[in-house]
Number of protein chains: 2
Amino acid sequence: MVNNKPSNASPDNYAAQVLGQLKQDILSGYFQPGEKLVMSRLKQHYQVGVSPLREALSRLLVEQLVEVENQRGFRTCPVTLAEMLDIYETRAHIETLCVGLAMDKGDDHWEAGIVAAAHRLKKAGSLADKTHQEIQAWELCHHEFHTAIVSGCASPSLLQVRRSLYERASRYRNLWLNSDMAEPTAFFANNREHEALVEAVLGGEKAEAEALVHQHILGPSQTLLPVLER
Amino acid sequence: MVNNKPSNASPDNYAAQVLGQLKQDILSGYFQPGEKLVMSRLKQHYQVGVSPLREALSRLLVEQLVEVENQRGFRTCPVTLAEMLDIYETRAHIETLCVGLAMDKGDDHWEAGIVAAAHRLKKAGSLADKTHQEIQAWELCHHEFHTAIVSGCASPSLLQVRRSLYERASRYRNLWLNSDMAEPTAFFANNREHEALVEAVLGGEKAEAEALVHQHILGPSQTLLPVLER
DNA sequence: TTAGTCAAAAATGTTGACATTTATTTGGAA
DNA sequence: TTCCAAATAAATGTCAACATTTTTGACTAA
């Protein structure tokens with residue numbers, strides 16, 4: 001457990017701590033799709049006992065990153081083309097819904113947040129010739145940009161749905177980024193799309209904004225196809 | 001654990017078994033909102049040990065039915081007016097989205113399923129003068145009716161979102177049903193609404209169907225207000 | 001080479017014990 | 001009566017041990 005013994009100074013018990021690590025290792029591709037998660041190996045790798053591991057895996061079960069079979073233990077969920085397409089389509093619908101509601105409810109403060117996030121995204125530069133780490137950093141900035149836009153929908157339950165779907169989609173994105181066929185600039189939109197979206201959102205052109213964001217989310221799924229077809 | 005020892009004949013371990021019971025007891029109101037879930041008492045009540053209980057509670061954590069604080073254990077999530085309204089609004093949006101997509105994608109087989117479910121709902125009769133058990137049975141039939149309609153959207157991830165929200169909303173509905181102010185006929189729509197919805201869906205009137213179902217889901221939330229305001 | 005059986009090894013899921021933390025109670029001082 | 005500190009009781013989270021189940025490997029027969 002990286003010698004990070006739970007104490008009063010730490011708000012997380014072992015289960016909560018190892019959850020983050022397990023999730024990261026699944027989403028990043030360290031554990032392969034369908035891989036058996038053997039307790040003895042996890043114990044060694046994460047330096048934590050069976051009970052906290054089982055608790056963390058129980059949470060990942062609900063988040064659909066692992067599956068379990070009685071007496072046969074846990075394994076990472078498989079990845080499939082059908083699921084990837086489904087997740088991306090659902091994400092596009094949800095994002096569109098969020099943007100529309102945000103535009104209905106948003107105020108000046110919300111608009112300022114968008115402008116700031118758009119600025120940061122622009123400063124994050126182009127994706128050409130970036131390392132894997134840099135691409136992940138860029139994507140974080142990109143995600144925060146979109147999060148700023150949808151934050152105006154002011155619906156905790158809807159935003160939670162959005163977060164969960166984003167996470168599940170990130171596994172597919174990483175699977176592709178880790179492959180030898182990844183070309184980041186083919187997946188991630190250039191800055192013109194972002195500017196057009198900001199313009200539509202701030203200009204109150206709801207139908208335009210919705211169409212733009214729907215395509216913005218759904219479009220890149222086509223790029224992921226090849227990694228799931230072989 | 002009702003002497004139901006896990007065996008090869010049973011696909012569920014203790015954690016999976018007690019999960020169902022715990023969830024039922026939270027959603028039905030046996031555990032009050034904000035109630036501390038004390039392990040020693042749960043052990044006695046469910047006749048199962050700490051580990052399976054913690055695993056089950058870890059799953060309920062993700063499903064937002066319980067919350068946890070390190071070293072202070074688990075407790076049921078509070079219920080709030082704001083959350084109830086948010087959940088119902090999100091449900092209305094999601095249901096509308098599902099219906100719209102189902103109408104885009106549905107086929108004859110899907111339509112037959114709707115007609116059959118509508119028939120069963122009609123045979124389930126009126127809600128006047130029904131016992132608590134009978135109301136729950138009616139609601140199950142009602143839910144299956146709506147599920148038949150949305151099933152045509154053919155999106156597993158979107159339907160999972162729908163199921164999760166329905167579950168969270170059911171806690172609020174039960175809270176109200178258990179109160180001394182419940183009048184079921186005030187909450188549950190009469191059969192005319194259902195017939196109108198079926199007519200719009202099967203007639204391909206998408207905008208009409210979407211408007212009807214949106215109101216159908218969102219409307220009853222007003223009835224729940226009083227139980228959360230005191 | 002394939003299929004089946006059996007034994008050994010590995011893995012799973014659970015329990016009771018226990019160190020630690022939190023909550024409650026008791027007693028004393030102001 | 002209220003507040004605070006200390007003691008006690010209760011609760012939490014984790015672990016090693018272990019019964020049970022599954023998997024693997026070896027062997028034999030066809």
Side-chain angles (χ1 to χ4, degrees), chain A residues 1-23 25-26 31-32 34-62 65-78, chain B residues 1-23 25-26 31-32 34-62 65-78:
Chain A
M1 204 66 246
V2 205
N3 295 322
N4 192 13
K5 184 167 176 61
S7 70
N8 212 15
S10 164
D12 287 343
N13 61 13
Y14 282 164
Q17 286 178 47
V18 77
L19 171 68
Q21 294 172 53
L22 269 170
K23 181 179 287 192
D25 289 340
I26 291 171
F31 293 114
Q32 294 297 300
E35 183 170 345
K36 182 77 186 295
L37 300 171
V38 185
M39 283 297 162
S40 51
R41 269 188 253 141
L42 296 183
K43 280 176 64 177
Q44 277 197 331
H45 183 70
Y46 296 109
Q47 290 296 305
V48 66
V50 168
S51 298
L53 278 169
R54 292 188 63 86
E55 284 174 40
L57 288 166
S58 296
R59 285 162 75 163
L60 292 175
L61 202 49
V62 179
L65 294 180
V66 304
E67 56 193 14
V68 71
E69 197 175 359
N70 190 26
Q71 294 299 333
R72 288 188 169 86
F74 297 84
R75 72 177 61 238
T76 54
C77 279
Chain B
M1 203 71 243
V2 206
N3 297 321
N4 193 15
K5 184 168 175 64
S7 70
N8 213 17
S10 164
D12 286 341
N13 62 12
Y14 282 164
Q17 286 177 48
V18 78
L19 171 69
Q21 294 171 54
L22 268 170
K23 180 179 285 192
D25 288 340
I26 292 170
F31 293 115
Q32 294 298 299
E35 182 169 345
K36 180 77 186 293
L37 301 172
V38 184
M39 283 296 162
S40 51
R41 270 188 253 139
L42 296 184
K43 280 176 68 176
Q44 276 196 333
H45 182 71
Y46 296 110
Q47 290 297 305
V48 66
V50 168
S51 296
L53 278 169
R54 293 187 62 88
E55 284 176 37
L57 288 167
S58 295
R59 284 160 77 161
L60 292 175
L61 202 48
V62 179
L65 293 180
V66 304
E67 56 193 16
V68 71
E69 197 175 357
N70 190 25
Q71 294 299 333
R72 288 188 170 86
F74 296 85
R75 73 176 60 237
T76 54
C77 279

How many whole angstroms separate atom CD of A:Gln44 from atom P of C:dA10?
13 Å

Separation of D:dC15 C1' from A:Asn13 CG (nearest whole Å)
14 Å

Under 4.5 Å between any side-chain heavy atoms of A:Leu22 and A:Leu53, yes or no?
yes

Going through the checks in order, is the side chain to side chain contact (heavy atoms under 4.5 Å, CB included) test met by B:Met39 and B:Leu57?
CA-CA 11 Å; B:Met39 283 296 162; B:Leu57 288 167; 3.5 Å; yes

Return the angle between end axes of the helix from C:dT1-D:dA30 to C:dA30-D:dT1, with five pairs used per end and rounding to 10°.
20°

In this structure, how many angstroms lie between the C1' atom of C:dA10 and the CG atom of A:Leu42, rounded?
15 Å

Tell me, do B:Leu19 and B:Asp12 make a side-chain contact under 4.5 Å, heavy atoms counted?
no

Roughly how many Å is it from CG in A:Leu57 to P in C:dA11, rounded to a whole number?
15 Å

Using the six-membered ring wherever Trp is involved, compare the ring planes of B:His45 and B:Phe31 and label them parallel, tilted or perpendicular (cut-offs 30° and 60°).
perpendicular

Nearest whole angstrom, please: distance from the P of C:dT12 to the CZ of A:Arg75.
10 Å

Using a cutoff of under 3.5 Å, can you pull out all pairs of nitrogen or oxygen atoms linking the protein to nucleotides 5-12 of chain D, with atom names and distances?
from: D:dT12; atom 1: OP1; to: B:Lys36; atom 2: NZ; distance (Å): 3.4
from: D:dT12; atom 1: OP2; to: B:Met39; atom 2: N; distance (Å): 3.0

Per the salt bridge (charged side-chain N to carboxylate O under 4.0 Å, His left out) rule, what does the pair list look like for residues 38-48 of chain A, sequence neighbours excluded?
none

Give a yes or no answer on whether the side chain of A:Thr76 reaches the backbone of A:Val66 with a donor-acceptor pair at less than 3.5 Å.
no

Please check if the side chain of B:Glu55 supplies one atom and the backbone of A:Ser58 the other of a donor-acceptor pair under 3.5 Å.
no

I want to check something: taking the side chain as every heavy atom from C-beta on, are B:Asp25 and B:Tyr46 in contact at a cut-off of under 4.5 Å?
yes

